[in-house]
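Please read the structure below before turning to the comments.
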Amino acid sequence: MGAACIIRRSAAESRGQPIPSILSLQSSPIREIVTAMWQPNRLEQERLEKLHGLEALGIEAYPARAARTHSAQQAIVDYTAAEFATPEGADIPAVLVTVCGRIRRANVKGKVSFLHIEDETGRIQLFLRVNDMDEAIYSLVKTKLVDVDDFVQATGTLMRTQAGEISVRVSDFKLLAKSLSPLPVIKQQKLDDGTIVEYGEFSDVEARYRQRYADLAVNREVREVFQKRARVLRALRQFFDEEGFLEVETPVLQPVYGGAAARPFVTHHNQLHQDLYLRISFELYLKRLLVGGLDAVYEIGRDFRNEGVSFKHNTEFTMLEFYKAYIDYTGVMELTERMCAHTCLAVTGSTQVEYLGQTLDFSKPWARYTVREAIRREAEIDYMEYPDAVSLEKAINELGETVPPGQTWGKLVEHLLGKFVEPKLIQPTFIIDYPRDISPFAKRVEYDDVHVERFEFYMAGMEMGNAFTELNDPRDQEQRFLDMARLYRTGDDDETPLDEDYLRAMRYGMPPNGGFGMGIDRLVMLLTNQRTIRDVLLYPHLREEK
RNA sequence: GGCCCCGUAGCUCAACGGCAGAGCAGUUGACUCUUAAUCAAUUGGUUGCAGGUUCAAAUCCUGCCGGGGUCACCA
């Protein structure tokens, strides 16, 4: 709607015609759409009237500029320092500040009022006394033309109230932005030990996700999750940069998708008359770079998978992949352990973290089990005794498990792993040596023909990532593509399209290398103690609102 | 996609076949150091939408919309 409006305007302008005025819009269909969009409720109606009241007084409700000198936190730091530097009994030198923020609490009394304003650094109290300021300005607060939720600016000197709270003794006060829709009310009580108790809540998950701005504005701990998320990304980049990796960016829109088993989103380039896929992984593009002589690369970015959502799956998610020449999957495991310990330490200050009541420990070397060992222990079945899909499926059925018919042998092994082993892997654990037919990019193990040098690692019962000793023999790789085409039909989740350009790259010679992929959102879940991926995504995918 | 649960005031919730309510916030008034401020008074509803059953529906039934959980699926 907005776009249509803009196009009309610019078209008219380019023809030198007058831009339609608001009045002329009234007769157009756009006007109806605009008026239908917002129907203020009673509370919003009251605020609209206050806005009109402010404008009647000649007060700008949305001024363009502010003149902040101090964040809330900096003001408090400065005053505390001034107090500290002042001898007992002497006057503390005046600290003049201008602070800005959203009003989160208002205690309007008679001729004196208290407001708490909040910026990203925290809250600070404003102490307003009619004697200290222009009476007309004080009356904006007194008559409540200024509400909780409004953005304001206050100038004054710092002081402590009789109750001991550092506050701004306000001499000048200005509205920065009027809030027309009230935010959910949450009250805070600060206990003597410094802990904050909150009363009232904004907890409806749908409303919180659809209106994340309101969620962030109101729920302090939600802001903290996303501040921590940024620290996770920073810590990961720092780790790989210091390890000598080069950060790269590869195409999101790919003519041939690959590197994982997932259904892609398809889109279309109009001018080139070409279908393109949103990437499901970075793998094949990153490994081409090793051919090009970049020995260690990593990418952090978004993947898209056209599949179901759950507490650990979102349609688009943030992936970390790295590839390093001249290491195998044991080298990747060693890097993985250090990377996770480094990130946990950087984000939480410890190499252990509490997740949903359990302590995850990243400090020690992680346990390593082969897929075969793990399944033998947890499901009491040795899949090597059932060398084909038919007999293995029968053995699984005898355990009381039902599996979709027609699965390949490797998929059946994977089913056992997911069902019996994965939920039990709470501490960081490597599961190594996977079936070949579900691992088209991994090199064969030395001890048999059915396994490959691949590991997945698990924490808190969740798969976190996947890594291989990467296949670098172009003949073997071509055979894998052909095998996958034979095993999985077009449209199957495990369809692996043959990427001829990738094979061409590999024929030039690819150094032996180890590669790795990890869902960063899941790591953020662990490090921020969130039980669903939606709580570590600012805008999780939801059905369209109607 | 299957099954289960949920949708009531701005927010959080009650009422579970018989007058739709509370707290918070909002509004009005009082208050020159409050801090979940307090005190007094007070406004506020198409009970997600559409049908049905009933003398009577927020409540029971059906469908739809949205959300959550779970199973399937998802390397």
Side-chain angles (χ1 to χ4, degrees), chain A residues 40-47 49-50 104-116 123 125-132 138 142-144 147-149 159-165 167 169 181-191 196-210 214 218 259-263 280-281 283 305-315 317 371 402-404 408 410-411 413-415 417-418 422 431 434-435 437-442 452 454-456 463 465-468 493-494 496 517 519 531-532 534 542-546:
Chain A
N41 64 32
R42 204 185 74 258
L43 298 176
E44 291 169 329
Q45 199 63 53
E46 281 167 8
R47 291 200 174 182
E49 282 159 21
K50 291 178 180 188
R104 295 304 308 277
R105 166 181 170 263
N107 179 9
V108 177
K109 295 162 65 73
K111 296 190 170 61
V112 60
S113 295
F114 300 87
L115 304 177
H116 273 123
R123 293 190 181 193
Q125 180 168 261
L126 308 181
F127 176 55
L128 298 96
R129 212 162 48 144
V130 66
N131 308 27
D132 294 338
Y138 181 79
K142 172 64 182 158
T143 60
K144 294 204 171 182
D147 288 286
V148 169
D149 304 329
M159 57 169 283
R160 265 187 202 275
T161 61
Q162 281 172 15
E165 179 166 353
S167 307
R169 183 193 296 274
S181 300
L183 288 165
V185 178
I186 283 154
K187 295 189 174 186
Q188 287 188 354
Q189 183 179 19
K190 209 169 189 174
L191 302 179
I196 294 170
V197 186
E198 291 188 332
Y199 300 86
E201 55 181 336
F202 178 48
S203 55
D204 181 271
V205 289
E206 184 181 357
R208 288 206 303 116
Y209 297 150
R210 288 201 194 279
V218 144
R263 260 168 298 187
I280 58 172
S281 92
E283 170 143 2
R305 296 188 181 176
N306 204 340
E307 287 162 352
V309 299
S310 80
F311 76 94
K312 54 181 172 176
H313 297 89
N314 193 65
T315 307
F317 62 99
V371 173
T402 51
V403 289
T408 64
K411 295 282 282 183
V413 170
E414 194 170 52
H415 181 88
L417 190 66
E422 179 171 345
I431 299 294
Y434 278 67
D437 77 60
I438 52 171
S439 314
F441 303 105
V452 293
R454 167 181 174 183
F455 73 80
E456 291 189 338
E463 184 201 333
N466 186 20
F468 325 128
D493 288 353
D494 290 82
T496 305
R531 63 177 63 242
T532 133
R534 289 185 293 265
L542 298 179
R543 213 179 290 264
E544 188 183 8
E545 195 175 14
K546 283 184 183 159

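Since we're looking at a predicted model, the values are computed, not measured. Labels below follow one simple rule: chain letters A, B, ... track the order of the sequence lines, proteins then strands, and each chain is numbered from 1.
Note: CD (A:Glu422) to C1' (B:C73) measures 13 Å, nearest angstrom. When rounded to the nearest whole Å, the span between CD of A:Glu206 and P of B:C11 equals 12 Å. Rounded to a whole Å, the CG atom of A:Asn41 is 12 Å from the C1' atom of B:C11. Here B:G66 presents its P atom at 9 Å from CD of A:Glu544, a figure rounded to the nearest Å. Rounded to an integer number of Å, the gap from A:Gln45 CD to B:G45 P is 14 Å. Atoms CG (A:Asn306) and P (B:A75) sit 12 Å apart, rounded to a whole Å. Rounded to an integer number of Å, the gap from A:Arg534 CZ to B:G66 C1' is 14 Å. Spacing between atom CG of A:Leu542 and atom P of B:C65 amounts to 16 Å, rounded to whole angstrom units.
If you take atom C1' in B:A9 and the same atom in B:G51, they sit 26 Å apart, rounded to whole Å. Here, B:C55 and B:C60 have their C1' atoms 16 Å apart, quoted to the whole Å. Comparing B:G10 with B:G45, their P atoms are spaced 9 Å from each other, to the whole Å. The C1' atoms of B:U59 and B:G17 are separated by 6 Å, rounded to the nearest whole Å. Taking atom C1' in both B:U53 and B:C61, the straight-line distance is 7 Å, to the nearest Å. Rounded to the nearest Å, the gap between the P atom of B:C4 and that of B:U46 is 31 Å. Spacing of C1' atoms, B:C19 relative to B:C65, comes out at 31 Å, to the nearest Å. Spacing between B:A56 and B:U42 at atom C1', rounded to whole Å, works out to 32 Å.
If you check every strand for non-hydrogen atoms under 4.0 Å, A:Gly259 touches a base. Among the protein residues, A:Arg104 comes within range of no part of the nucleic acid, since none of its heavy atoms lies under 4.0 Å from any strand.
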**Prompt:** Going 5' to 3' along nucleotides 2-7 of chain B, which nucleotides have protein heavy atoms under 4.0 Å from the base (write B), which only from the sugar-phosphate (write S), and which from neither (write -)?
**Reply:** ------

**Request:** Using a 4.0 Å heavy-atom cut-off, write out nucleotides 21-36 of chain B from 5' to 3' as B (base contacted by protein), S (sugar-phosphate only) or - (no contact).
**Result:** ---SSSS---BBBBBB

Could you run down the sub-3.5 Å N/O contacts of the protein with nucleotides 12-14 of chain B?
| from | atom 1 | to | atom 2 | distance (Å) |
| --- | --- | --- | --- | --- |
| B:U12 | OP1 | A:Ser203 | N | 3.2 |
| B:U12 | OP1 | A:Asp204 | N | 2.9 |

**Request:** Could you check A:Tyr138 against A:Leu128 for side-chain contact (heavy atoms from CB on, under 4.5 Å), going step by step and ending with a plain yes or no?
**Result:** CA-CA 7 Å; A:Tyr138 181 79; A:Leu128 298 96; 3.9 Å; yes

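Side-chain contact between A:Ser113 and A:Arg129: absent, with no pair of heavy atoms (C-beta onward) separated by less than 4.5 Å. Using a 4.5 Å heavy-atom threshold, the side chains of A:Glu46 and A:Arg42 count as touching. Side-chain atoms of A:Tyr434 and A:Asn466, non-hydrogen and from C-beta on, never get closer than 4.5 Å to each other.
Partners of A:Arg123 under the salt bridge (charged side-chain N to carboxylate O under 4.0 Å, His left out) rule, at least two apart in sequence or in another chain, are A:Glu118. For A:Phe317, there are no ring pair (Phe, Tyr, Trp, His ring centres under 6.0 Å) partners at least two apart in sequence or on another chain. Taking the side chain to side chain contact (heavy atoms under 4.5 Å, CB included) definition, one finds that A:Val309 meets it with A:Thr315, sequence neighbours left out. Partners of A:Arg169 according to the salt bridge (charged side-chain N to carboxylate O under 4.0 Å, His left out) rule, which considers only residues two or more places apart in sequence or in another chain, are A:Asp132. Qualifying salt bridge (charged side-chain N to carboxylate O under 4.0 Å, His left out) partners for A:Asp149, counting only residues two or more places apart in sequence or in other chains: A:Arg47. The side chain to side chain contact (heavy atoms under 4.5 Å, CB included) test applied to A:Gln125 returns A:Arg105, A:Phe114, A:His116, A:Thr161, A:Glu165, A:Ser167, not counting sequence neighbours. In this view, A:Glu422 and A:Lys312 satisfy the salt bridge (charged side-chain N to carboxylate O under 4.0 Å, His left out) rule, not counting sequence neighbours. With sequence neighbours left out, A:Val218 forms a side chain to side chain contact (heavy atoms under 4.5 Å, CB included) with A:Arg104, A:Leu183, A:Pro184, A:Ile186, A:Phe202.
Residue A:Arg543 is the one, among A:Arg543 and A:Glu456, whose nearest nucleotide of RNA chain B lies closer to the 5' end (criterion: closest heavy atom). Both A:Gly308 and A:Ala207 lie close to RNA chain B; mapped to their nearest nucleotides by heavy-atom distance, the more 5′-ward contact belongs to A:Ala207.
Rounding to the nearest 0.5 Å places CZ of A:Arg454 at 12.0 Å from CD1 of A:Ile431. One distance of note links CG of A:Leu115 with CG of A:Asp147; it measures 11.0 Å at 0.5 Å rounding.
Paired runs in RNA chain B that reach 3 or more consecutive Watson-Crick or G-U pairs, where each pair keeps both distances under 3.5 Å, cover B:1-7 with B:65-71, B:10-13 with B:21-24, B:26-30 with B:38-42, B:48-52 with B:60-64.
A:Phe127 and A:Met159 make their closest contact through CD2-SD, 3.5 Å (heavy atoms, listed as atom of the first residue, atom of the second, distance).
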